[in-house]
Amino acid sequence: MIQAVVSGQSGGYAIASGDALVVSYFDPERSHTVRFGAPLFSGVLDAEWIQLESESDVRKEALLRYNVYLGWRLTLLLFDEDEDEDDRISIAQDLDKIISSEDVRALVEARLFSKPLPQGVDWPNFEHLNCEFVRSLLAEWRSLQDAIRIVRDAFDSVDQGHFSPDAPYDEFESIAVRRGCFSTLVRAITSEEKRNIAILSLFTTLADVPGSRKVVTAWTKDFKQKANGRTLEPEREDADLDGYQGLDGWASHQAFQNVRRQQKAIVERLQEGNIEGAKRFTSELVQSQLGNSQDTEFVAKSLCKLSQEAKALELWDVQLEWANWAAQLRPSDPWTHGQEADALINVGRLLEAQAALDRAAAAGDRLYAATGRARILRETGQLKESRAAYLRAFEEHSSEPDAVHALVGAAAVAREMGDLQVSLREFNTTLNKYPGESFVLVSKAATLIELGEWREAIKALDAAREISPGDVAISLQRASVYKLGGQLDYAIREYSRMVTRHPYYPQAHYGLIDTYRTMERFVDASTALKAALDRFPKNGMLIALGADIQRESGRPQDALRSLEALIARGSSYHDSRIVGALGRLYRAASRNADALALVDRAVAENPKNMWLKLDRADLLMRLGSVAEALKAFDELLLDQPKSVRALNAKASLLGAVGRLSHALEVLPNAKQPQTQDEWRSFILKGILLTRQGKGKDALIHLNIQPGSIPFAKERRLFSNAVALAELSVGRTDAAAAISQDKQGELANVIYFHTLAATRSPKAQRAYREMSGLTESLVVLKDEIARQYRVIDGGPQYSKQWLFEMEQNALMLEAA
């Protein structure tokens, strides 16, 4: 037996020989020998150690893998828009030869059937060519796309905790693909027979992979053969089918299926941005349905359903057009008037929405009308009144099953008001009344995320997934939880997956962009933001995020001009996200008084909003109103005693005014930090110890590798906290080695300080190039330059004053 490494991607293999590896490629000129430990097959993802009888066997295995990789790549090239028709024909002919081997074709399918193609892709047609294997492969792959998507989603929904550290997600996925587990499961769930046998085969196929039993159990739990032999879970067949009961048997079923197919085609065109095509198909659908039945109820239902699909894509005008059409066709149906009101609210025509809700109530749906009126109050920023209206709607209609939506609305408004403990309490009460509703658990998880209780949020989402395993909202919230907990690469992968598969959910775009921002991958964030705003140009969440990205990437003035222009055009101050972003821009421009006036007005309108109150207390602190700021923090902590962010801010203020022992008492204990706020607690403790004159204790506390902190901003705060501690004990070289620079931030000043303290020749240039600093940081910069004779003029303050001001400034930044 011989040991070897094979890689289809590289087109080669390597055989162990003594203390070296003999590397052989199918291109002989590239073959060579390397010692163990040297780079091998650089950049490939599929290299694997194997053990076979002879080099001939190894070569056969490597050639098989190479052909499989080539077949997979050629198949994908058939869909490449940059290839012209002649190139595609050549590719198809080459591919046909490669997959004429049954072994190669089976393994190519194993890769292709592990991930679906994006919806709406144009499938190439080679019926005119003598490429029977390619035609067969493409036809089967196309027919199985829905099953592939279901199997893929089920795998991606497996809890990350099920994967063993010895076979994490990426490695497990690679093995499962290579061994054909995805294709086995895809074919099994489309068959009425042998599904459980196929699932059992996965346990055997993956038996040698650590953690496989847990993963396979979770992956396949929804695919087990039911007693009645059902295959794929069907889409919920609602009352639309009733419109065809006048037809006989198969004819009614066929008519219903035709409607469903037409609806799906319309949605696909909406998702592609082909609005005119979607409208044309809708007109044809209406005429078709009226031809089958003169009862307008079923046509109206189709229009209402399509109206909601347009809403999900934030195509408000299309939503309104189809909802209006439904209401005109069926004026006696409260549901059509409710849909019309929903669309009118989305386009901001609130008086007309009120009238539509009145029509819905008159037609019989008083609960929907009541919650709709509560929503209008919510949209206009009257959160207190909105919450009261939701609670009143529940009291008046508590016997109706849909009254759960009134309770969820009230709890969600409490969250928007910043009254997070009340929101959580009400979600728990709602779950006691309606234990089987997954959307309540998802909404509860959103509140838990706001509270920073990400472990509890995961529990709520796991419970929701047990009820609704395919719910996209659950996947979105899970990604948000992992982002909160610092698992940023996982969050990027999850959000990217959802943006690809569900591009019409703005939350998926927001999550991806904000994770890039958190990692300070600003180019990626800006690219993703542009794509999102092209699809959702009026989304306040994305607009505010765009302003934050511009500010953090060094363009605060551009962001400020854009937001002020937006507000001047009539955008509402009631959107707390835009208010928060504008306040941060004012603060960056040293316009703290303007920021405070803005936030004061927002707080007056939303007196329970925790985030606005926190912004207000923070601004009072920066303006030097210590007593007012402390009072504001104490009032906030009465409502939210566990808010890590508020506790950090209060400790920072106490430290800045010299009440260091009290500050350490207030500071949360973050022994194993994971969230951004927990990392800031950890860093603040180090700064407070330095501020106490205990630089060595601070260094002992901060004795971790910066790379263990997943968040870019917090990593920089940590490094500069260590740098200040090193400076405080006279270790200037160590301070210079760890400090991190960033233009326009305090980091820029601390980095300059370490250069000046070590008498580095770079200090002069660093001083000249500093820009974008606030007024207080300019004072610190100039004093450092005088202290270390980088510029002319004697010091105006003592070194003790300088160190304390820097430490105070870093505490405020870490708050």
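- Lys279 approaches Val318 most closely through the heavy-atom pair CE-CG2, 4.3 Å.
- Close placement of the Phe439 and His405 rings is indicated, their centers lying within 6.0 Å of each other.
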| message | Apply side chain to side chain contact (heavy atoms under 4.5 Å, CB included) to residues Glu564 and Leu582 and explain how you reach the verdict. | response | CA-CA 8 Å; Glu564 287 185 327; Leu582 186 58; 4.2 Å; yes

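- Side-chain N or O atoms of Gln339 include none that pairs as donor or acceptor with a backbone N or O of Gln308 at under 3.5 Å.
- A 4.5 Å side-chain heavy-atom check between Lys305 and Gln263 finds at least one atom pair inside the cut-off.
- Val408 has its side chain out of reach of Tyr434: every pair of non-hydrogen atoms, C-beta onward, lies at least 4.5 Å apart.
- Interatomic distance, CD of Gln507 versus CG of Asn539, reported as 8.0 Å (0.5 Å rounding).
- Remark: the backbone N or O of Ala327 is not paired with any side-chain donor or acceptor of His337 at under 3.5 angstrom.
- Proximity of Leu306 to Val267: side-chain heavy atoms (C-beta onward) are separated by under 4.5 Å at one or more points.
- Although no hydrogens or angles enter the test, the distance criterion places no donor-acceptor pair under 3.5 Å between the side chain of Trp72 and the main chain of Arg111.
- In this structure, CG in Asp514 is found 4.5 Å from OG1 in Thr518, a value given to the nearest 0.5 Å.
- Remark: Asp365 pairs with no residue by the salt bridge (charged side-chain N to carboxylate O under 4.0 Å, His left out) rule, at least two apart or across chains.
- Contact of the Trp325 side chain with the Thr282 side chain is registered, since non-hydrogen atoms from C-beta on lie closer than 4.5 Å.
- Looking at Arg149, its side chain does come within 3.5 Å of a backbone N or O of Leu117 through a donor-acceptor pair.
- In this structure, Ile148 CD1 and Leu112 CG are separated by 8.0 Å, a value rounded to the nearest 0.5 Å.
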message = Could you go through Leu563 and Ile543, starting from their C-alpha distance and side-chain angles, then the distance that decides it, and tell me whether this counts as side chain to side chain contact (heavy atoms under 4.5 Å, CB included)?
response = CA-CA 8 Å; Leu563 267 195; Ile543 291 167; 3.8 Å; yes

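- A salt bridge links Asp156 to Arg497: one of the charged nitrogens lies within less than 4.0 Å of a carboxylate oxygen.
- For the pair Val413/Leu377, no side-chain contact is recorded, criterion being any heavy-atom separation below 4.5 Å from C-beta on.
- When all heavy atoms of Leu367 and Ala393 are compared, the closest pair comes out as CD1-O, 4.2 Å.
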Between Arg187 and Glu140, does a salt bridge (charged side-chain N to carboxylate O under 4.0 Å, His left out) hold up when you go through it step by step?
-> CA-CA 10 Å; Arg187 287 197 173 91; Glu140 185 176 25; 3.1 Å; yes

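- With sequence neighbours excluded, no residue forms a salt bridge (charged side-chain N to carboxylate O under 4.0 Å, His left out) with Arg555.
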Working note: Arg375 + Asp342, criterion side chain to side chain contact (heavy atoms under 4.5 Å, CB included); need CA distance, chi angles, decisive distance, verdict.
CA-CA 9 Å; Arg375 182 182 161 207; Asp342 182 40; 2.3 Å; yes

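- What you find for Gly372 and Leu357 is that their closest heavy atoms are C-CD1, 3.5 Å.
- Nearest heavy-atom pair, Tyr495 versus Ser480, reported as atom, atom and distance to 0.1 Å: OH-OG, 2.8 Å.
- Heavy atoms only, all atoms of each residue included: Ala343 and Ala323 are closest at CB-CB, 4.3 Å.
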Give the intermediate values and the outcome of side chain to side chain contact (heavy atoms under 4.5 Å, CB included) for residues Leu138 and Leu78. CA-CA 10 Å; Leu138 291 180; Leu78 294 176; 4.3 Å; yes

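- Other residues, nucleotides and ligands place more than 12 heavy atoms under 6.0 Å from the CZ atom of Arg493.
- Side-chain contact check for His509 versus Phe536: some heavy-atom pair is nearer than 4.5 Å.
- Looking at Glu276 and Arg280, no side-chain N of the basic residue comes within less than 4.0 Å of a carboxylate O on the acidic one, giving no salt bridge.
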For this session: Output, in order, the C-alpha distance, side-chain angles, deciding distance and verdict of salt bridge (charged side-chain N to carboxylate O under 4.0 Å, His left out) for Asp548 and Arg517.
Result: CA-CA 9 Å; Asp548 282 333; Arg517 182 196 65 80; 5.5 Å; no

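- The backbone N or O of Gly338 lies less than 3.5 Å from a partner atom in the side chain of Tyr368, making a donor-acceptor pair.
- Electrostatic pairing of Glu400 and Arg366 does not count as a salt bridge here, judged by no charged N lying under 4.0 Å from a carboxylate O.
- In this structure, the side chains of Arg152 and Phe182 come closer than 4.5 Å at one or more pairs of heavy atoms.
- Atoms CG and OH, on Leu529 and Tyr510 in that order, are 11.0 Å from each other to the nearest 0.5 Å.
- Contact between Phe427 and Ala412 at its shortest, heavy atoms only, is CZ-N, 4.0 Å.
- A distance of 8.0 Å separates OG of Ser302 from CD1 of Ile266, quoted to the nearest 0.5 Å.
- In this structure, OG in Ser157 is found 7.5 Å from CD in Glu494, a value given to the nearest 0.5 Å.
- A heavy-atom distance below 4.5 Å is found between the side chains of Leu303 and Val286.
- Between the side chain of Thr447 and the main chain of Arg415, no donor-acceptor pair closer than 3.5 Å is present.
- When atom types are taken as modelled, the side chain of Thr515 and the backbone of Ala491 share no donor-acceptor pair closer than 3.5 angstrom.
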